[in-house]
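Let me begin by presenting the structure, written as structure tokens, before commenting on it.
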Amino acid sequence: MNDEQLEIPPEALSDPEAFELLRLWAAHEQLHVAIRSDLGGGAEDFGELLADLFEHASRMFAQRDGVPLAECRELMLQDFLRRVESPKPSLEGTLPTEH
């Protein structure tokens, strides 16, 4: 396993009430995710988290790749919408069978 870990943001280190929400790994050519199951709130709150994550990622890619922020957002959003419409099968986090 690659020993290179991301740094914890200073704001998280300085807040005694900070806690980790999720972790993501790329392994065996798939995304693997751990999400805290004891989080308060509901699906709409997780949607807010995804929107904030989208904004952070958009800004990072725009800056890293020298692409206008609006263009980066549009590329990410269109790919997200395509993948939501046709999700890849996953080996983890399977949903119960609908009746």
Side-chain angles (χ1 to χ4, degrees):
M1 187 160 127
N2 186 336
D3 289 335
E4 186 177 328
Q5 294 184 18
L6 298 175
E7 292 182 28
I8 298 172
E11 295 83 356
L13 292 172
S14 66
D15 182 353
E17 296 186 27
F19 57 93
E20 188 171 52
L21 299 168
L22 56 91
R23 287 187 180 199
L24 307 171
W25 293 271
H28 303 287
E29 299 182 9
Q30 291 184 336
L31 180 64
H32 300 271
V33 181
I35 303 172
R36 285 184 68 127
S37 61
D38 63 344
L39 291 175
E44 68 279 2
D45 297 304
F46 200 79
E48 182 178 349
L49 181 146
L50 290 175
D52 286 351
L53 182 60
F54 175 88
E55 186 61 26
H56 283 275
S58 295
R59 291 173 185 270
M60 184 278 296
F61 282 112
Q63 182 178 22
R64 185 196 76 180
D65 298 342
V67 176
L69 182 57
E71 181 181 334
C72 192
R73 284 182 181 139
E74 185 63 23
L75 289 168
M76 287 177 59
L77 180 59
Q78 292 308 313
D79 192 55
F80 177 82
L81 293 173
R82 275 193 301 277
R83 291 170 186 269
V84 167
E85 288 295 319
S86 182
K88 293 180 182 180
S90 176
L91 300 176
E92 60 179 284
T94 57
L95 298 174
T97 305
E98 293 185 26
H99 298 278

(request) Mark yes when over 12 heavy atoms from residues, nucleotides or ligands other than Ile8 sit less than 6.0 Å from its CD1; otherwise mark no. (result) no
(request) State whether the number of non-hydrogen atoms from other residues, nucleotides or ligands found under 6.0 Å of Phe54 atom CZ is greater than 12. (result) yes
(request) Tell me, with the steps shown, if Phe61 and Leu75 meet side chain to side chain contact (heavy atoms under 4.5 Å, CB included). (result) CA-CA 11 Å; Phe61 282 112; Leu75 289 168; over 6 Å; no
(message) What's the separation between atom CG in Leu53 and atom NE2 in His56, rounded to the nearest 0.5 Å?
(response) 7.5 Å
(request) Return the minimal non-hydrogen interatomic distance between Leu69 and Ala62, and the atom names on each side. (result) CA-CB, 3.9 Å
(request) State, yes or no, whether a side-chain contact exists between Phe46 and Leu22 at a heavy-atom distance under 4.5 Å. (result) yes
(request) Mark yes when over 12 heavy atoms from residues, nucleotides or ligands other than Gln63 sit less than 6.0 Å from its CD; otherwise mark no. (result) no
(message) Main chain of Gly42, side chain of Asp45: is a donor-acceptor contact present, judged purely on distance under 3.5 Å?
(response) yes
(message) Let me check something: do Leu49 and Leu31 share a hydrophobic cluster, defined by ILVMFWY side-chain heavy atoms less than 4.5 Å apart, either directly or through other members?
(response) yes
(message) Assigning hydrophobic clusters by single linkage (Ile, Leu, Val, Met, Phe, Trp, Tyr; side-chain heavy-atom cutoff under 4.5 Å), is Met60 placed with Val67?
(response) no
(request) Considering non-hydrogen atoms only, spot the tightest contact between Ala12 and Ala18 and give its length. (result) O-CB, 3.3 Å
(request) Flag yes if Leu24 and Phe19 sit in one hydrophobic cluster, no otherwise; membership is Ile, Leu, Val, Met, Phe, Trp, Tyr, and two members link when side-chain heavy atoms are under 4.5 Å apart. (result) yes
(request) Supply the atom-to-atom distance Ser58 OG to Arg73 CZ, rounded to the nearest 0.5 angstrom. (result) 6.0 Å
(request) May I ask you to decide if Arg83's main-chain N or O and Ser86's side chain share a donor-acceptor pair within less than 3.5 Å? (result) no
(request) Compare all side-chain heavy atoms of Glu74 with those of Gln78 and state whether any distance is below 4.5 angstrom. (result) yes
(message) To the closest 0.5 Å, what do you measure between CG (Leu50) and CD (Glu55)?
(response) 13.5 Å
(request) To the nearest 0.5 Å, tell me how far Trp25 CH2 sits from Gln30 CD. (result) 14.5 Å
(request) State, with a plain yes or no, whether a side-chain heavy atom of His32 is found less than 4.5 Å away from one of Arg23. (result) no
